[in-house]
Each structure stands twice: as C-alpha cells, then as structure tokens.
Protein chains: 2
Amino acid sequence: MNLKQLSEILGLSQTTVSRALNGYPEVNEDTRLRVQAAAAKHGYRPNSRAKGLATGRSMVIGHVIPSSSQHEMVNPIFGDFVAGAARKYSDHGYDMMFTNADDTSIEEAYRSLFQRGAVDGIVLQGPKVNEHRIEVLTRMGVPFIVHGRSTGVDVPYDWIDVNNKSSFLRATRFLIDLGHRRIALINGLEDMDFAQRRRDGYLEALHEAGLSPDPELMRSAEMTEVYGHHETRDMLRLVDPPTAILTASMISAIGVRRALNEAGLKMGKDVSVIAHDDDLSYLKNGQDVPIFTATRSSVRRAGEMAAEMLIERIKSPEDPVKTRLLEAELVVGGSTGPAPNRF
Amino acid sequence: MNLKQLSEILGLSQTTVSRALNGYPEVNEDTRLRVQAAAAKHGYRPNSRAKGLATGRSMVIGHVIPSSSQHEMVNPIFGDFVAGAARKYSDHGYDMMFTNADDTSIEEAYRSLFQRGAVDGIVLQGPKVNEHRIEVLTRMGVPFIVHGRSTGVDVPYDWIDVNNKSSFLRATRFLIDLGHRRIALINGLEDMDFAQRRRDGYLEALHEAGLSPDPELMRSAEMTEVYGHHETRDMLRLVDPPTAILTASMISAIGVRRALNEAGLKMGKDVSVIAHDDDLSYLKNGQDVPIFTATRSSVRRAGEMAAEMLIERIKSPEDPVKTRLLEAELVVGGSTGPAPNRF
DNA sequence: TGCGTTATCCAAAGCGCTTTGAAAATGAGT
DNA sequence: ACTCATTTTCAAAGCGCTTTGGATAACGCA
C-alpha cells in the first residue's frame, strides 16, 4: 500500500493525504480523520526511503562498531549504552544504524554513512587521545556527539563524559586516607582518553600525598576479566605487593577478586579494591550493600543523554557547542578497608 | 556531489556513469576507468536512499531491541552477537539497523521496519516458547532468521540455535557420573525457549539416573550476577543443599562463585559448578585451563552464521527452509569434582 | 559499398514521497 | 448578486538514483 493507492481509495490527491497524515494545518479536520482512519485500516506506512529522499532527512543516527575483535569499546559497555540511546531515539522518531569497520577504515565508515545520506547524525564512542575522527566529523559538517572526550583535540565539539579524573582522584585519596601506600592501578588501554584521565587522577592523588608512583603497579590493557586476574596475580608476586587496587571496570574487578581468592587473601581486609562501575544492568554491584567500593556512573544513562544532545544538535545546528560532565559517585562497599599493618 | 553533477563534469549521461560505477558490461573500459577516477577524486557516494528507492532494496538488516530495562536478551550476549553479525553484514554490503520497542509494541516494530521499506531482512533474537512474532514475520513475507527456536511454533522458519537440551543433558550426566545427586539448575527465564530446552535436558538426565527433580533446586530468572549469587545463597541454606550447580551463563556463574566463597565453600571440591559459556570476548573462561567446567558455544560465531544465513535467504527467497543446530562443547575446568562424601 | 552486428552511450520514465504554486470552494461583507 | 479573503484541495515538479528502450557509432564481412 503506497500513497498513490491510498489517495485513490480516498478519492483525494496525494498532496492532501500526505498533509493530513503529517499534521499540516491546511486540511479539513473531517478529511484528516477520514484519511487517518483509512491509513490505519489499510496498514499504510510511508516508505522511509522515499520520505527521506523528499525531505532530505533520514531519521537515523549512525554508530560505528570497530571490528578488531578485541576493541575496548565494543564490549561490556556497548549493550547498555546502546539500549539507553535507542530508547531516546525512538521517543523522537529516530532509528539507529550500525556499520562495521575495521580499524583502518573507521574514518571512511563515518564519511560514507553521512555522505551517502544514510544518517542524520553520528555518535562517536570510545575516543582515544588525539582522536583524529573528531576533526574528520567536524570537517564533514555532520552533527555528532562524542561519548567521552579527547585530550589534544582543540576544535570545539559536543560531548558527554564522566569526570574520570576526579573519580579516580577521589578513589585514590580514599585509599590513601585508609592508610594504603602501595596502590595499584589496573587501567584500560592507555591510548583511550578515559584511561589517560583516570591515570591522571590517580597520579595526582599520589602526588598530593607525597607518594611516588611505581611503574610496576600501573597496568594497562583491555578490560577483561582475565586481564584483571592476570595482572593482580602478577603484582601479588612482587616483593612489595600492593595493598590496594583500583581497577577500571567491574569485569576486571571480578578477575581481581578471583586472583585474591586464589592467593588466599581476603578482599577488603588484606587487599582493598575499588572498581569503576558502569552500572550495567546484568552486572549490578550487589543488591543493597555494594560488593565493591566503586566510582559509579550509569553508562545507560549516558547513552540516553548522548542521544538527546545529538537530537538537539540536529535540530539546531547553529547552537553553541554543548558539553556535559557527569560526576561519578563514590559508593563504599565491602571491598575496601584500612591498610593491613605489615609489622 | 551527486550523480548529475558528476556526469556533467565527465560529459557523460547519468546512465553511463551509473553503469560504469556499478560494473555493468555495456560500458567501455576506458570510460569506466575515467568515471571511477572522477568519482574517487570528487568523493562521490551514491545516495543510499535514492538508490534504495530505485532498486527497491535498502541493504539494511533490522534488529529490534526490546526496551523493558531488564529483558533477557539485551544484555550480556547482545554485544558479541551483534559484533559477529555486523562483520558479516559489512562483508556483503549490508548495514544494520536497530529500532527500539517496548514489550507491548515489538510486533508493531517489526512490521513497521519492513513495511516502511527500511530493511530487507530481520533478525529475531531471544525467542520465547510459542513465539508469536515468528508467525507475524512469516505472514509479512519478510526474510528473517531466528537466533534460537520456538517450541510450539509449527510454521517452518530459518533458525540457528545451540543444542541446549543436549548440552545440559550431557552436563548433568557428567555431574551424576561424578557422584552428585543433589544438582541444582539456575536457569534463565523459563518463558525463554532456550531455558526450557536446558531444563528438559537437565530433567532427562535426572530421570535416566532415577533421580527425582526437586523444585527447590530449580531456579529461574534473569541471568545476572546478583541472581546467581542470590539463588545460590538461598539453596545453600536448605536442609539438604545441592552439591552441584548448573547455571545458564558465565555472569550468573560468577555470582554463584561469590556465594560459595562467602559460605566458605570451595568450588570444585565442596560444590561443583557447570556454566553455559557464550564465549564472550570480555569474559573468557580463563586463559589455558578453564575456570568453570562449561558447555561452550560462541555467540559471536552464531551472530556471524545468522547473518550469512539471512543474507542467503534474502538472495534466494524460495530456497527451502534452512536450520542450523550447533553442538556446544563440554569443556572441563576446575569447578567440578567428585561429589563430597557427607558421611 | 551496403548491411547486419555489436559495442557504447543516452533520454526519459519511474521508485514513493513532500512541497510549491495555483485552482476551486466556501464564507463574509456590502 | 458580486467582490475579496480564506479555507481546502490539487497537479506537477523534484529529491537522486536505476533501468528500459532506443539511438548512434564502430566493426565485420560479403
């Protein structure tokens, strides 16, 4: 069923039917009702390609999935961020489109998505330090929003980010206040901007306290469970092992816990652990009392907000740049305690 | 830059330029090269909406995300399945589109996606028992594939699934052979088809061994970490607690492990655990020796295969129905051992 | 040279919608 | 009854592409 057929059935012109359906004022209310009833009855749905061609808008937001199988952003966080964004998109009549690109052709993927007219806006996830894609998108003139920020990029752009530095600064201070001196950081990949900022926060807190950082206690990789486990086991073998560990995700925190258990150490007593908690729906940090002391910020919520900001940007391309910095809460759970007295 | 402009620059007709770019034979090779060079130089990209309008195909595959915040399928598995599918889509020139729908309007979402011409095919994830959506899609005549199956639906349809029943049958037998008699099943939501089949396998193995199932040992809910923990803790308090636990995902297995640790029990010695492992990239089951004994089947691989099967279906709508049943491997790890002797 | 083939290229129609500019219908005012 | 303004409807153009049905040029061969 297309417009033409529907208009023939109704004995009206396509113009009138189109207008009736799209809420234009220059159509008699009775006619509008008739048209709407007929459309519902025949299950008429305007072809979105044709509509897009005619209006110049696709009502689709684009995301790119980097296909290198082990890329930081694809995984734990992906599902929740997308679920949050998707809901907001649909509230505003947008769909979301994903396109796959291997690491070498990501830039091309963005370009293609927009220039083909497939999407009206783009979400850039997982920015690295000096993220080149931001300039690319800016030059293309596509409305976009960055989930995160990129140190070293000085063109203005819309972003929404957690205050990673302050989170890790406060978390580290918290451990220092508990008497810890050997504090490890199990970080994400350090070319990722968020990892860099977390590291900065961590270092600043150490510095404030007059502690000098130990490279042996700073690890960086993809945030998997296995990685958290591996690095922890490795550090526990040091001559002077850490008494506290900061880790970049709940997933790796679980690996940390596993390593501690294997070593017969009690979390929160022998070794304190603080994790960053993205508040993933299938991996809640306990029910009432948090399992891990954590810096918490819902990535699902971030997805919702990113979607809304992007839609606003699409509506008002000339608005000044908008940014949004979310503060993570520091929630205290059972995984931290005073530094053990070694003597 | 559009076709018209490009053809004017080249002094050719739109027809010829279009054909040159799309590899049609009725164009001189020299001309084709000239056209390709110019297209590259000017960064010409055919508008996909216009192309879609003209060809009647959108080169997009649709997925629907149910928006009830706690739905079974959205989460742990989502990211990896999608990543697998996305790669195959892009190999064949397809993009993927997501649309959000709350539980009441999922059917409408599928209908809209296809009838608006937004997608050429649909992936149906997380089928329930008696999944109504399958008939809806069949009647609509849209090419689709189901990830999973649906007991009680008797129209033929394409699907790819893990042999859930046989996996859990074998896993349960394995525990019985180790001397376990009190075996718990921490299952997914039982209106999900996969959960039902796992339960069948579990029950069949008990039956074979002359064991009668204990409702107290059969739990069912969303497969979160917290859930695995909660049910385990609860069952450990029974007068006659389980000596072995089967659980439906790695995530809930982690909760099981946490509960065992809290109770001072050693996994693989005091209580054996077998998990179903979807082989998620950020949650590998250990490095060399598996942590959990597990029934393993890569959901990412399933995503790839689903994508390929769907694309074939789109190409050949009249082909006979295709189905694919994957056998999970039973990998033995450190979480299982002989049943403890209580006497 | 003339004619049938084949290789190239093109004009125009069509995909299904929105939107412009104009026409028809209605109503108000005198 | 007639004019003018307003409301309601319509025909046709246009969005950017593919594809049909020719036209033209080039070629082979008698």
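Here is the naming used below: chain letters follow the sequence lines, and residue numbers restart at 1 for every chain.
Partners of B:Glu108 according to the side-chain hydrogen bond (donor to acceptor under 3.5 Å, both in side chains) rule, which considers only residues two or more places apart in sequence or in another chain, are A:Arg45. For B:Glu8, the salt bridge (Lys or Arg N to Asp or Glu O under 4.0 Å) test picks out no residue, with sequence neighbours left out.
We find that A:Arg116 and B:Asp95 are joined by a salt bridge, their nearest charged nitrogen and carboxylate oxygen being less than 4.0 Å apart. Remark: B:Arg301 engages B:Glu304 in a salt bridge, criterion side-chain N to carboxylate O under 4.0 Å.
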N/O donor to acceptor pairs below 3.5 angstrom from side-chain atoms of residues 138-150 of chain A, sequence neighbours left out:
| residue | atom | partner | partner atom | Å |
| --- | --- | --- | --- | --- |
| A:Thr138 | OG1 | A:Ile134 | O | 2.7 |
| A:Arg149 | NE | A:Asp161 | OD2 | 3.0 |
| A:Arg149 | NH2 | A:Asp161 | OD2 | 3.4 |
| A:Ser150 | OG | A:Lys128 | O | 2.7 |
| A:Ser150 | OG | A:Asn130 | N | 3.1 |
| A:Ser150 | OG | A:Glu131 | N | 2.8 |

Can you give me every donor-acceptor pair (side chain of residues 17-30 of chain A, partner residue at least two apart or in another chain, under 3.5 Å) with its distance?
| residue | atom | partner | partner atom | Å |
| --- | --- | --- | --- | --- |
| A:Asn22 | ND2 | A:Ser18 | O | 3.0 |
| A:Asn28 | OD1 | A:Asp30 | N | 2.8 |
| A:Glu29 | OE2 | A:Arg32 | NE | 3.1 |

Give the B/S/- string for nucleotides 4-11 of chain D, one per nucleotide from 5' to 3', where a protein heavy atom under 4.0 Å of the base yields B, of only the sugar-phosphate yields S, and otherwise -.
----BBBB

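By the 4.5 Å heavy-atom criterion applied to side chains, A:Ser281 and A:Asp80 are counted as neighbours.
On the nucleic acid side, DNA chain C has its first and last nucleotide under 4.0 Å of a heavy atom of chain A at C:dG16 to C:dG21, going 5' to 3'.
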